[in-house]
Amino acid sequence: MARANDEAAALIQELADLLSITGGDAFKIRAYEKAARAIAGHPGDIAELDLAGLRAIPSVGSAIAKKVADYNATGTIRQVEELRLRIPAGVRALTAIPTLGPKKALTVYEELGVSSVDELATAIEEGRLSGLKGFGAKTEENILRGIELMRASGGRVLVDAAASVADEIVAALSALPQVERCAHAGSLRRMRETIGDVDVLAASRDPHPIMEVFTALPVVAEVVAGGDKKTSIRTATGLQVDLRVVPPESWGAAMQYFTGSQAHNIRTREIAVRAGLKLSEYGLFHAGSDEPIVSATEEEVYDRLGLPWIHPTLREDTGEIEAALDGTLPDLVTEADLRGDLHSHTDLTDGTASLEAMAAAAASRGLEYYAITDHAPDLVMQRMTDEKTLAQRERIAELQKEYPGLVLLHGTELNIDPDGGVDWDADFLSGFDVCVASVHSHFTQDQAAMTRRLVRACENPHVHVIGHPTARSIGRRPPVDADWDEVFRAAARTGTALEIDSFPDRLDLPADLIRRAKRFGCRFSIDTDAHSLGHHRNIRYGVGTAQRGWLTPDDVINTWPLPRLRAFLKKT
DNA sequence: GCCGTTTTCGGCCCGACTGTTTTCAGTCG
């Protein structure tokens, strides 16, 4: 499943982690981290590159190129193997505990021989940490807390859970007279698929009362840290929320800074430094005099750095800075570009709303076309039959008369069987306007079998969209194992679209695979896969995922006018 | 370890908060 790029990047990142524990040079560690990102984001296959080719990757010099060549030849990197002998994997795992970094991890390992999270918890309970340099009572308490949190939640929540907490807090704070502006930033604004903590930003000259209201909100279970510029709380579910209050004139610089990512910020600050400037959350300044230049809007800050404004979903240092400098940033697809939705369910199968209610919801979204795609018979528990789906087609034709502005399409969500076949024969399939085909069973086939299965589905002339292609469930089920480059090649060749399923626990295709698929010329369909009326709101997460995959409206078939879409669905 | 029309050596992003400290290291984002 993992490409050479991903495996090599993980090894280089591990090298950085291990060096940070053994006390390696901080700049060297950063160089490894930067190179790891560059290798992971490199479009070509690094397994095919020689030393010169590797060195051509930005941030990869001769030393790292040799290590990657080492990986290409042997499947590992010698320095990583050596450091693994000195630092057990459990010690590296300790740094995942909040408030415990590489320095403290090394101290407990060297002084007490602690090399796992469980051992550390035991050591603290037995009082073996007392007297250790830098470990007071408060530190012990915080570590125990951190371990508890880590065990409870795994540390991250789905994007919709974070969004609802953020929306509630932003609404409450925006109502205060002292607050001039308030918005969320951080990984939620970047639309990452899971969120570690929520960042909220407020502009005000009078922070103190804002902090007081914030820490007293009903959602707050615990105050983690409190100052007048920054306050952190935790909700009852363990989600941390950081509130930063900045002067109104700093709003743009602060939004830029707190949206991140950290890697993107390092790049923008480096550009500032080279231009004799200094960029912080308070603004862009002359380096020598600290004279302010701009700070009110993000656009001004980027502009003064010689860059166009960069969409938050692109800010990961995976090529957006270079694209911005080249003037080749994509014109990203937005929710407003979507004319239709090609995947939805009614109470005929496992949806909870009637056909009529789902159509009404689609109309209120302002859509021009909407496909009803209830499950096909091979998903036996859904009890679909030929008769039921044909009766539904007639009801849709009747209902169509009530919606002059919305074209209702009759479709189905087929099941791709282990050999790549689907539920109905060609003759019956030709009666549908649109067919989504998805993997719903046999998730653990080996890579060769799964690849054949998906390629065969693409080659079926009646399959228009591959639904949630990796079939992952975030935090619960891993993605299926396929040679995705082979699948993408088949999808592009046959004119089969790949779905971007908007369900917060799916977000499937994931953004990194979207970006890869686009390079093969694939098309995409951003769908809700709605099973109820409320699920239509999830479309924002599908759009965010598509944006993180650098998609433009033209890449997405359900932004197209219906005649162009119908021509695509013929798969000629 | 990487990188360069200001540099092939000497830089490398910046600030807030906590806890254990008497001036600062560690962690986080």
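Since we're looking at a predicted model, the values are computed, not measured. Chain identifiers are assigned alphabetically (A, B, ...) following the order of the sequence lines, protein sequences preceding nucleic acid strands; residue numbering begins at 1 within each chain.
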Round to a whole Å and report the spacing from CG of A:Asp70 to P of B:dG1.
-> 14 Å

Note: contacts of residues 185-192 of chain A with DNA chain B (heavy atom, under 4.0 Å) are none

Check every strand shown and say whether A:Ile29 touches a base, only sugar-phosphate, or nothing at a heavy-atom separation below 4.0 Å.
-> nothing

P atoms of B:dC12 and B:dC17, separation to the nearest Å = 25 Å

If you look at every strand shown and take non-hydrogen atoms under 4.0 Å, does A:Ser62 touch a base, only sugar-phosphate, or nothing?
-> sugar-phosphate

Would you kindly give the CD-to-C1' distance between A:Gln79 and B:dG1, to the nearest whole Å?
-> 12 Å

Taking atom C1' in both B:dG15 and B:dG10, compute the distance separating them and give it to the nearest angstrom.
-> 24 Å

To the nearest 0.5 Å, tell me how far A:Ser502 OG sits from A:Asp508 CG.
-> 11.0 Å

Where do A:Arg145 and A:Thr99 land on the side-chain hydrogen bond (donor to acceptor under 3.5 Å, both in side chains) test, with the steps shown first?
-> CA-CA 9 Å; A:Arg145 267 260 101 112; A:Thr99 74; over 6 Å; no

Determine the contact category for A:Ile266: base if any of its heavy atoms lies under 4.0 Å from a base atom, sugar-phosphate if only primed atoms, P, OP1 or OP2 are that close, otherwise nothing.
-> base

May I ask you to say whether A:Glu270 pairs ionically with A:Lys34, meaning some side-chain N is under 4.0 Å from a carboxylate O?
-> yes

note: A:Phe285, atom CZ; B:dC14, atom P; distance rounded to Å ~ 12 Å

Please check if any side-chain donor atom of A:Arg515 sits under 3.5 Å from a side-chain acceptor atom of A:Thr318, or the reverse.
-> yes

Quick one: what's the B/S/- string for nucleotides 15-22 of chain B, heavy-atom cutoff under 4.0 Å, read 5' to 3'?
-> SSSSSS--

To the nearest Å, how far apart are A:Asp25 CG and B:dC2 C1'?
-> 12 Å

Is A:Arg189 salt-bridged to A:Glu298, cutoff N-O under 4.0 Å?
-> yes

B:dT20 versus B:dC24 - spacing of their C1' atoms, nearest Å | 9 Å

Regarding B:dT5, purine or pyrimidine glycosidic angle vs 90° from 0 gives anti

Which of B:dG29, B:dT27, B:dC14 is nearest the side chain of A:Lys104? It is B:dT27

Distance between the C1' atoms of B:dT27 and B:dT21, in whole angstroms?
-> 16 Å

Expressed as a whole number of Å, how far does the C1' atom of B:dT8 sit from that of B:dC2?
-> 12 Å

Re B:dC28: Watson-Crick or G-U wobble partner, both distances kept under 3.5 Å, found to be B:dG15

Just jot down the side-chain contact (heavy atoms from CB on, under 4.5 Å) partners of A:Leu106, sequence neighbours excluded, or say none.
-> A:Ile21, A:Ile87, A:Glu110

By nearest nucleotide on DNA chain B, pick out whichever of A:Lys67 and A:Thr99 is the more 5' one.
-> A:Lys67

Nearest to side-chain heavy atoms of A:Lys103, which nucleotide of B:dG1, B:dT27, B:dC12 = B:dT27

Can we say A:Glu14 and A:Arg84 salt-bridge, meaning some charged N sits less than 4.0 Å from an Asp/Glu carboxylate O?
-> yes

Specify the separation, in whole Å, of atom CG of A:Leu100 and atom P of B:dG26.
-> 12 Å

Looking across every strand, which nucleic acid part, if any, lies under 4.0 Å from A:Phe27 by heavy atom: base, sugar-phosphate, or nothing?
-> base

May I ask you to decide whether A:Glu316 forms a salt bridge with A:Arg548, counting only side-chain N to carboxylate O separations under 4.0 Å?
-> yes

Gap between atoms CD and P, on A:Glu322 and B:dC3 respectively (whole Å) = 12 Å

Do the charged groups of A:Arg267 and A:Glu322 touch, with an N to O distance under 4.0 Å?
-> yes

Separation of atom CZ in A:Arg55 from atom C1' in B:dG4, rounded to whole Å | 13 Å

Select from A:Ala96 and A:Ala31 the residue whose nearest nucleotide in DNA chain B is closer to the 5' end of that strand.
-> A:Ala31

Can we say A:Glu193 and A:Arg156 salt-bridge, meaning some charged N sits less than 4.0 Å from an Asp/Glu carboxylate O?
-> no

B:dT6 to B:dG1 separation - C1' atoms, rounded to the nearest Å = 23 Å

Please give, in whole Å, the distance from B:dC2 P to A:Asp317 CG?
-> 16 Å

Audit row: A:Asp199, A:Arg244, salt bridge (charged side-chain N to carboxylate O under 4.0 Å, His left out) steps and yes/no = CA-CA 8 Å; A:Asp199 292 292; A:Arg244 299 288 298 238; over 6 Å; no

Under 4.0 angstrom, heavy atoms only, what part of the nucleic acid is A:Gln262 near: base, sugar-phosphate, or nothing?
-> base

When you compare B:dG11 with B:dA16, how far apart are their P atoms, in angstrom units rounded to a whole number?
-> 25 Å

